[in-house]
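Below is one structure, written out as structure tokens; comments come after it.
All heavy atoms count here, side chains included; hydrogens, waters and symmetry mates do not.
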Amino acid sequence: MSRRLITPSERSKLDPFVVATGDASPRDQRDLMERPFFSLGKAKRTTPILYEAGGTRVEVYAVPEHGMATIWDADVLIWAASQIVEAENLGFKTSRFLRFTPYQLLMAIGRQTGARDYKLLKGALARLQSTVIRTTIRQNEHWRRHQFSWINEWEECTTRDGRVEGMEFVLPDWFYRGVIDRSLVLAIDPAYFRLTGGIERWLYRVARKHAGRQPKGWLFEIAHLHEKSGSLAKVADFAFDIRRIVLRQPLPGYRLRIERDGRRELLRILPARLSTGPVDGAVETLGTSGVTAIGTSGVALSGFRERRGQLTLWPETAIPSLNLDSNIEETNSSVVGCPADRCKTDRGGR
């Protein structure tokens, strides 16, 4: 097996979190669920996302070579968050420097594990690293804007014949802090990974964040959802896509209904079968400022409940005991991101 020499990098200053083989319930980071951080289409996007609401700004920029990270690429971040939360739950120390096998990641997010899928994974990592985010979310009064990429750096470990056997990457501090602060994490339905459309994936995350388990759900104006999504589609085309999704009812745990208030078209999101579990208890919480949220549409090793083996490509960090196995946020000025029973009266922004 050949491996490129690791040049001095951020990894040399961090203890690696070696992901062990095992099940981890999927978790998502709240800030990523309610604001437009990703392209909703698979075609290469270089047009920035510029979003502002409630005094919070989000700017997302892409480079022409790779394009903007997509909502499918975000599965990598969901997987990372899930592994970190699970390890913390079990009392293991984690790090934003993750070591893992691509097989582990692909299987956990419902992907195939053929050569094409490994190539697609590397494309996702390239987009996550090259996409630049600037935001005021979770910044204190003296530091108003934070700039980062979804992955600071990544590397693959390959055999002489080019087969990828291990990977490692470093998450940005902004994301990592938003994961180990339990108040900023939500459990999501594993069926999320089976959603095929970009808008429906985004809509599920909005539903999970806003509607949650409220019996009367949540109501949004379609035009407000369009702005909130960062979509490049026209409002009319976006509304048509939403109506088609309502007809199919694909969101796990939620029912969708179109309503009208005069000339305004609204979407009501109601909880149905609740298969997502709560995220209870605090992990070691790092202090955050609690800012509410610019607009086109030492080596610490983790273990998991199933103590199956860990495939380790780094013998010095092997776990001896394991066996081997291979979108309440801001509303727009005209309405309506509000609980259903308050929608008629809540007209202003928060």
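Taking the side chain as every heavy atom from C-beta outward, Ile242 and Leu203 approach each other to under 4.5 Å. Residues Ile84 and Ile180 form a side-chain contact, since some pair of their non-hydrogen atoms from C-beta on lies under 4.5 Å apart. No side-chain heavy atom of Pro26 sits under 4.5 Å from any side-chain heavy atom of Trp79. Side-chain contact check for Leu219 versus Glu259: some heavy-atom pair is nearer than 4.5 Å. Taking the side chain as every heavy atom from C-beta outward, Arg57 and Arg134 never approach each other to under 4.5 Å. Counting heavy atoms from C-beta on, the side chains of Leu184 and Val179 never come closer than 4.5 Å. Residues Phe220 and Val206 have side chains in contact (heavy-atom distance under 4.5 Å, counting atoms from C-beta outward). The side-chain heavy atoms of Thr46 and Met68, taken from C-beta on, include no pair separated by under 4.5 Å.
In this structure, the separation between OG on Ser39 and CG on Asp73 is 9.0 Å, given to the nearest 0.5 Å. Distance CD1/Ile49 to CZ/Phe38: 9.0 Å, rounded to 0.5 Å. To the nearest 0.5 angstrom, Gln83 atom CD is 12.5 Å from Glu88 atom CD. Here the CE atom belonging to Met167 is positioned 13.0 Å from the CG atom belonging to Leu98, to the nearest 0.5 angstrom. In this structure, CZ in Arg257 is found 10.0 Å from CG in Leu267, a value given to the nearest 0.5 Å. The line from NZ of Lys122 to CZ of Arg127 is 13.0 Å long, rounded to the nearest 0.5 Å.
For the ring-ring contact (aromatic ring centres under 6.0 Å, His included) test, residues two or more places apart in sequence or in another chain that qualify with Phe148 are His146, Trp150, Trp174. For the ring-ring contact (aromatic ring centres under 6.0 Å, His included) test, residues two or more places apart in sequence or in another chain that qualify with Tyr192 are Tyr204. Contacts of Phe169 classified as ring-ring contact (aromatic ring centres under 6.0 Å, His included), with partners at least two apart in sequence or in another chain: Phe100. Shown here are the salt bridge (charged side-chain N to carboxylate O under 4.0 Å, His left out) partners of Arg255, two or more places apart in sequence or in another chain: there are none.
Taking the charged nitrogens against the carboxylate oxygens, Arg208 and Asp28 have no contact shorter than 4.0 Å, which rules out a salt bridge. In summary, Asp181 and Arg177 do not engage in a salt bridge, as defined by a charged side-chain N under 4.0 Å from a carboxylate O. Glu86 has a carboxylate O that lies under 4.0 Å from a charged side-chain N of Arg27, or vice versa, which qualifies the two as a salt bridge.
The nearest pair of heavy atoms linking Gly67 to Ser130 is O-OG, 4.2 Å. Nearest heavy atoms, Gly212 versus Tyr254: O-OH, 3.0 Å. Considering every non-hydrogen atom in both Ile245 and Pro250, the closest pair reads O-CD, 3.2 Å. Scanning both residues, Phe238 and Ser229, for their nearest heavy atoms gives CE1-OG, 3.6 Å. The nearest pair of heavy atoms linking Ala207 to Ile269 is CB-CG2, 3.5 Å. The two residues Thr131 and Ala69 come nearest to each other via the heavy atoms OG1-N, 2.9 Å.
Follow the hydrophobic side-chain contacts under 4.5 Å out from Trp72 and you reach Met107 in the same cluster. A continuous path of Ile, Leu, Val, Met, Phe, Trp and Tyr side chains, each step under 4.5 Å between heavy atoms, connects Trp218 with Ile258, placing both in one hydrophobic cluster. One hydrophobic cluster holds both Trp154 and Ile109 under the rule that ILVMFWY side chains link at heavy-atom gaps under 4.5 Å. No continuous path of ILVMFWY side-chain contacts below 4.5 Å connects Leu195 to Leu120, so the two sit in separate hydrophobic clusters.
There is a side-chain donor-acceptor pair under 3.5 Å between Tyr176 and Thr94.
Put simply, the side chain of Glu221 never gets that close to the backbone of Ala223: no donor and acceptor are under 3.5 Å apart. The main-chain N or O of Leu171 is found under 3.5 Å from a side-chain atom of Arg96 such that the two form a donor-acceptor pair. No donor-acceptor pair under 3.5 Å is formed between the side chain of Glu168 and the backbone N or O of Glu156. Checking side-chain atoms of Ser149 against main-chain N and O of Gln129 turns up a donor-acceptor pair under 3.5 Å.
Each salt bridge (Lys or Arg N to Asp or Glu O under 4.0 Å) pair with one or both residues in residues 237-253, not counting sequence neighbours, appears once here: Glu200-Arg248, Asp241-Arg244, Arg243-Glu265. The side chain to side chain donor-acceptor pair (under 3.5 Å) contacts involving residues 106-115 comprise Asp75-Arg111, where partners must be two or more places apart or lie in separate chains.
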Item to complete: Might you work through the side-chain contact (heavy atoms from CB on, under 4.5 Å) test for Tyr118 and Leu106, ending with a clear yes or no?
Response: CA-CA 8 Å; Tyr118 283 73; Leu106 291 170; 3.9 Å; yes
Worksheet item: Would Val132 and Val60 satisfy side-chain contact (heavy atoms from CB on, under 4.5 Å), going step by step from the backbone distance to the final call?
Response: CA-CA 6 Å; Val132 175; Val60 186; over 6 Å; no
Item to complete: Show the numbers, then the answer: is there a side-chain contact (heavy atoms from CB on, under 4.5 Å) between Lys42 and Thr70?
Response: CA-CA 7 Å; Lys42 291 185 177 180; Thr70 72; 5.7 Å; no
Worksheet entry | side-chain contact (heavy atoms from CB on, under 4.5 Å) between Leu77 and Leu32, worked out | CA-CA 10 Å; Leu77 301 178; Leu32 275 61; 4.0 Å; yes
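Residue Ile199 is tested with Leu225, Leu40, Ile71 for a side-chain contact (heavy atoms from CB on, under 4.5 Å); the sole match is Leu40.
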